[in-house]
Amino acid sequence: MVARDLLGRVLVAHTPDGDVGVRLTEVEAYAGRDDPASHAFRGPTARNAVMFGPAGHLYTYFVYGMHWCANIVTGQEGDASAVLLRAGEVVLGQDIAHARRPAVARAPLLARGPAGLATVLGLARDASGEDLCTGFRRWEVLEGQPVPADRIAAGPRVGVAAAAERPLRFRDTASPSVSAYRAGGRVRRRVPGG
DNA sequence: CCGCCGATCCTCT
DNA sequence: GAGGATCGGCGGG
């Protein structure tokens, strides 16, 4: 399983509100313990324990005090590799998606950005560790239409300072749902007294 | 369209 | 105690 193979696949969440499906258009690979940008780089912790488990499980994490982001674990046990789901197009349950993101008016942008994608699918803390392969009552992964190779662009990961030279972000260049690139390592300092 | 900036709290040091 | 795999509102061009 490689990150780019996830492009074009449809992740469907069965929730109490109804079904929401997202066609993945942008993903990022995190290469386990060898990757300084990975949550697993410094070894297992309570938060990242799921990453060290078998492939096919969701790993969600909380960032910036308000957002959840979702990964799919891709490596063998102990490998701790995962793919961050960065953007997609809502292809099922668009009304529900809109209700979950009232601030977003345009449908193509409903699942733009990892936190927005997780919100639309209802993925938060309780989703972490769930097995996509056996949890078919809650989730399905559909094959979808493969994205042609010449439409897939690779580049540096968004907001990541470490290992910035690694082209581990993959996106469908034909999709308007792909999030904007932003370099990592941004230093935002408050100037004392000014 | 683009850039700046605050919000907000969990996690690891 | 610091900082983060982010988002949306606001202001300017």
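All values reported here derive from a predicted model rather than from experimental measurement.
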A.B. asks: When you check the side-chain N and O atoms of A:Arg171 and A:Ser177, is any donor under 3.5 Å from an acceptor?
C.D. replies: no
A.B. asks: Report which part of the nucleic acid A:Arg47 touches: base, sugar-phosphate, or nothing (heavy-atom distance under 4.0 Å, all strands).
C.D. replies: sugar-phosphate
A.B. asks: Rounded to whole angstroms, how far apart are CE on A:Met66 and P on C:dT6?
C.D. replies: 12 Å
A.B. asks: Would you kindly say whether A:Ser175 and A:Glu89 are connected by a side-chain donor-acceptor distance under 3.5 Å?
C.D. replies: yes
A.B. asks: Can you spot which of A:Thr119, A:Asp95, A:Asp17 makes a side-chain hydrogen bond (donor to acceptor under 3.5 Å, both in side chains) with A:Arg100?
C.D. replies: A:Asp17
A.B. asks: C:dA5 P sits how many Å from A:Asn71 CG, rounded?
C.D. replies: 11 Å
A.B. asks: How long is the line joining CG of A:Leu109 and P of B:dC1, in whole Å?
C.D. replies: 9 Å
A.B. asks: Taking 4.0 Å as the cut-off, does a side-chain nitrogen or oxygen of A:Arg86 come that near to OP1 or OP2 on C:dA5?
C.D. replies: no
A.B. asks: Among C:dG8, C:dA5, B:dC9, which is the nearest nucleotide to the side chain of A:Arg101?
C.D. replies: C:dG8
A.B. asks: Checking base pairs now: Watson-Crick or wobble, both atom distances under 3.5 Å. What partners B:dC10?
C.D. replies: C:dG3
A.B. asks: Kindly confirm or rule out a cation-pi arrangement of A:Arg125 over A:Tyr61, judged by NZ or CZ under 6.0 Å from the six-membered ring centre and within 45° of its axis?
C.D. replies: no
A.B. asks: Of all the nucleotides listed (C:dG8, C:dA5, C:dT6), which has the minimum atom distance to the side chain of A:Tyr64?
C.D. replies: C:dT6
A.B. asks: Of the listed nucleotides (C:dA5, C:dC7, B:dC10), which one gets closest to any side-chain atom of A:Val160?
C.D. replies: C:dA5
A.B. asks: Any salt bridge between A:Glu26 and A:Arg86, counting N to O under 4.0 Å?
C.D. replies: yes
A.B. asks: Choosing from C:dG8, C:dA5, B:dC10, which nucleotide comes nearest the side chain of A:Arg125?
C.D. replies: B:dC10
A.B. asks: Is A:Arg182 close enough to C:dC7 that one of its side-chain N or O atoms is under 4.0 Å from OP1 or OP2 there?
C.D. replies: no
A.B. asks: Under 4.0 Å, counting only non-hydrogen atoms across every strand here, what does A:Arg169 touch: a base, just sugar-phosphate, or nothing?
C.D. replies: nothing
A.B. asks: As a test of reading the structure: which of C:dT6, C:dG8, B:dC10 is closest to the side chain of A:Ala115, going by heavy atoms?
C.D. replies: C:dT6
A.B. asks: Between P on B:dC10 and CH2 on A:Trp68, what's the gap in Å once rounded to a whole number?
C.D. replies: 9 Å
A.B. asks: Please state how far atom OH in A:Tyr61 lies from atom C1' in C:dA5, giving the value in whole angstrom units.
C.D. replies: 3 Å
